[in-house]
Novice: 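Dumping the structure here so I can ask a few things about it.
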Number of protein chains: 2
Amino acid sequence: MTEQTPLRPTRQRVAVAEALASVDDFRSAQEIHDLLGRRGEPVGLATVYRTLQRLADAGEVDLLRTEDGEAVYRRCSTTHHHHLVCRGCGATVEVEGPAVERWTRSIAGEHGFTDVSHTLEIFGTCRSCSASPATD
Amino acid sequence: MTEQTPLRPTRQRVAVAEALASVDDFRSAQEIHDLLGRRGEPVGLATVYRTLQRLADAGEVDLLRTEDGEAVYRRCSTTHHHHLVCRGCGATVEVEGPAVERWTRSIAGEHGFTDVSHTLEIFGTCRSCSASPATD
DNA sequence: AGAAACGATGAGAACGATTGTCAAATCGCC
DNA sequence: GGCGATTTGACAATCGTTCTCATCGTTTCT
Ligand SMILES: [Zn+2]
Ligand SMILES: [Zn+2]
Ligand SMILES: [Zn+2]
Ligand SMILES: [Zn+2]
């Protein structure tokens with residue numbers, strides 16, 4: 001349906017994908033851009049943005065917004081899931097909750113809503129962060 | 001604890017609060033600012049931003065981020081709840097789900113996370129919007 | 001009342017994330 | 001080896017939001 005032109009695996013796109021694969025938490029476009037620069041395979045900022053958007057649209061990476069609205073991306077499993085994210089270090093755990101899925105669908109149905117989607121993120125302080133006060 | 005100086009009910013603050021009370025869906029700071037302007041009681045944009053933040057901090061309004069990261073506010077009930085929002089017209093329904101609350105807490109606990117909070121929003125197309133194709 | 005003290009306001013500058021522009025580089029293919 | 005289509009990246013432009021700071025309104029002395 002929303003069929004795209006098959007995208008080309010350019011050096012830049014590969015680099016962005018690898019950068020994402022090499023970290024385990026959510027990163028912003030700027031962070032990826034910096035990471036790549038430091039790593040010696042510079043990719044233009046605009047290209048990083050474009051690539052991340054494509055990946056997100058294609059469902060290959062998850063996108064979420066930090067509390068101050070910044071977009072951050074993460075390479076995740078492809079099945080539907082949610083995230084448990086540490087506010088301190090960003091450590092992320094993918095979680096699933098069939099009951100929640102059912103609940104959102106049914107409550108939306110009760111109110112006559114169709115074409116339903118949802119966002120659900122859980123934030124907290126992970127074990128190691130509650131041990132060490134904060135390396136700020 | 002996070003005790004603030006008791007804020008003063010200035011004309012501007014009252015106006016912002018009334019504007020929020022007069023609508024039933026989520027609105028951005030800019031929208032509130034425009035609304036007030038049109039309504040004949042102009043309030044500086046910076047003041048609108050400041051006021052909305054205060055209200056949100058005080059828990060008197062709910063804040064959420066649109067898909068493109070913009071902050072939008074709504075006067076809501078003061079108990080913990082979530083939202084069912086129409087992507088077409090913005091119509092909003094407050095919903096509660098004790099089971100979800102329990103689930104998030106327990107899953108976070110299982111992973112050793114403490115100090116847990118969460119966000120959960122449901123989006124869909126409301127009855128009247130699925131009837132009329134879209135006034136775009 | 002008059003003055004100091006202090007919070008509150010608003011016009012405009014500053015900011016930071018994101019997107020747009022467009023000429024130059026790269027690729028697929030003949 | 002050339003050509004049109006795609007992609008890139010330096011840079012400008014946008015846009016929501018925050019900051020600055022001179023000014024204003026209240027409250028609190030005196
Ligand atoms: Zn994920
Ligand atoms: Zn889900
Ligand atoms: Zn609400
Ligand atoms: Zn909840």
Novice: Taking NZ, NE, NH1 and NH2 as the nitrogens, is one of them in Asp24(B) or Arg75(B) under 4.0 Å from a carboxylate oxygen of the other?
Specialist: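 Salt bridge between Asp24(B) and Arg75(B), a charged N being under 4.0 Å from a carboxylate O: no.
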Novice: Please state how far atom CG in Asp34(B) lies from atom P in dG16(D), giving the value in whole angstrom units.
Specialist: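 Interatomic distance, CG of Asp34(B) to P of dG16(D): 10 Å.
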Novice: Rounded off to whole Å, could you give me the NE2-to-P distance for the His33(B) and dT18(D) pair?
Specialist: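 Interatomic distance, NE2 of His33(B) to P of dT18(D): 15 Å.
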Novice: Where do Glu67(A) and Arg65(B) come nearest, in terms of heavy atoms and distance?
Specialist: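 Where Glu67(A) meets Arg65(B) most closely, the heavy atoms are O-NH2, 3.1 Å.
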Novice: As a test of reading the structure: which of dC6(C), dT17(D), dT9(C) is closest to the side chain of Arg50(B), going by heavy atoms?
Specialist: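 Closest nucleotide among those given: dT9(C).
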Novice: Rounded to the Å, how far apart are Arg54(B) CZ and dT18(D) P?
Specialist: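 Going from Arg54(B) (CZ) to dT18(D) (P), I get 13 Å.
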Novice: Which nucleotide wins on minimum distance to the side chain of Arg8(B), given the candidates dG25(D), dT7(D), dT8(D)?
Specialist: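 So the side chain of Arg8(B) is nearest to dG25(D).
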Novice: Looking only at non-hydrogen atoms, find the nearest pair between Asp62(A) and Cys76(A) and report the distance.
Specialist: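 Closest heavy-atom pair between Asp62(A) and Cys76(A): OD2-SG, 3.4 Å.
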Novice: In this structure, how many angstroms lie between the P atom of dT9(C) and the CG atom of Leu52(B), rounded?
Specialist: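 That distance rounds to 12 Å.
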Novice: Tell me whether the side-chain N/O atoms of Arg65(B) come closer than 4.0 Å to OP1 or OP2 in dG16(D).
Specialist: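 For Arg65(B), the contact criterion (side-chain N or O under 4.0 Å from OP1 or OP2 of dG16(D)) is not met.
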Novice: Atom CG of Leu45(B) to atom P of dT17(D): distance rounded to whole Å?
Specialist: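 It is 9 Å, rounded to the nearest whole Å.
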Novice: Do you see a donor-acceptor pair shorter than 3.5 Å between the side chains of His82(A) and His118(A)?
Specialist: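 Judged by distance alone, the side chains do pair up.
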Novice: Is any side-chain N or O of Thr10(A) closer than 4.0 Å to OP1 or OP2 of dT8(D)?
Specialist: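 For dT8(D), OP1/OP2 do have a side-chain N/O of Thr10(A) under 4.0 Å.
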Novice: Does a side-chain N or O from Gln30(A) land closer than 4.0 Å to OP1 or OP2 of dA17(C), or not?
Specialist: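 For dA17(C), OP1 or OP2 has a side-chain N or O of Gln30(A) closer than 4.0 Å.
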Novice: Nearest to the side chain of Glu70(A), heavy atoms from C-beta on, is which of dC27(C), dT18(C), dG9(D)?
Specialist: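 Output: dT18(C).
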Novice: Can you tell me how far P of dT19(C) sits from CD of Glu67(B), to the nearest Å?
Specialist: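 For the pair Glu67(B) CD and dT19(C) P, the rounded distance is 13 Å.
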Novice: Is there a donor in the side chain of Arg39(A) and an acceptor in the side chain of Ser22(A), or the other way round, less than 3.5 Å apart?
Specialist: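 Yes, a side-chain donor-acceptor pair sits under 3.5 Å.
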Novice: Starting from C1' on dA17(C), measure out to CG on Leu64(A) and report it in whole angstrom.
Specialist: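 In whole Å, dA17(C) C1' lies 16 Å from Leu64(A) CG.
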Novice: Between Ala46(B) and Gln53(A), just flag the one whose closest nucleotide in DNA chain C comes earlier from the 5' side.
Specialist: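 Counting from the 5' end, the first nearest nucleotide belongs to Ala46(B).
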Novice: Let me know the distance between CG of Leu63(B) and C1' of dG16(D), rounded to the nearest Å.
Specialist: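 Distance check: Leu63(B) CG to dG16(D) C1' gives 13 Å.
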Novice: For dA8(C), does either OP1 or OP2 sit under 4.0 Å from a side-chain N or O belonging to Arg11(B)?
Specialist: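 So the side-chain polar atoms of Arg11(B) never come under 4.0 Å of the phosphate oxygens OP1 or OP2 of dA8(C).
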Novice: If you compare every side-chain N and O of Tyr49(B) against the phosphate oxygens of dT18(D) (OP1, OP2), does one of them come in below 4.0 Å?
Specialist: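 No.
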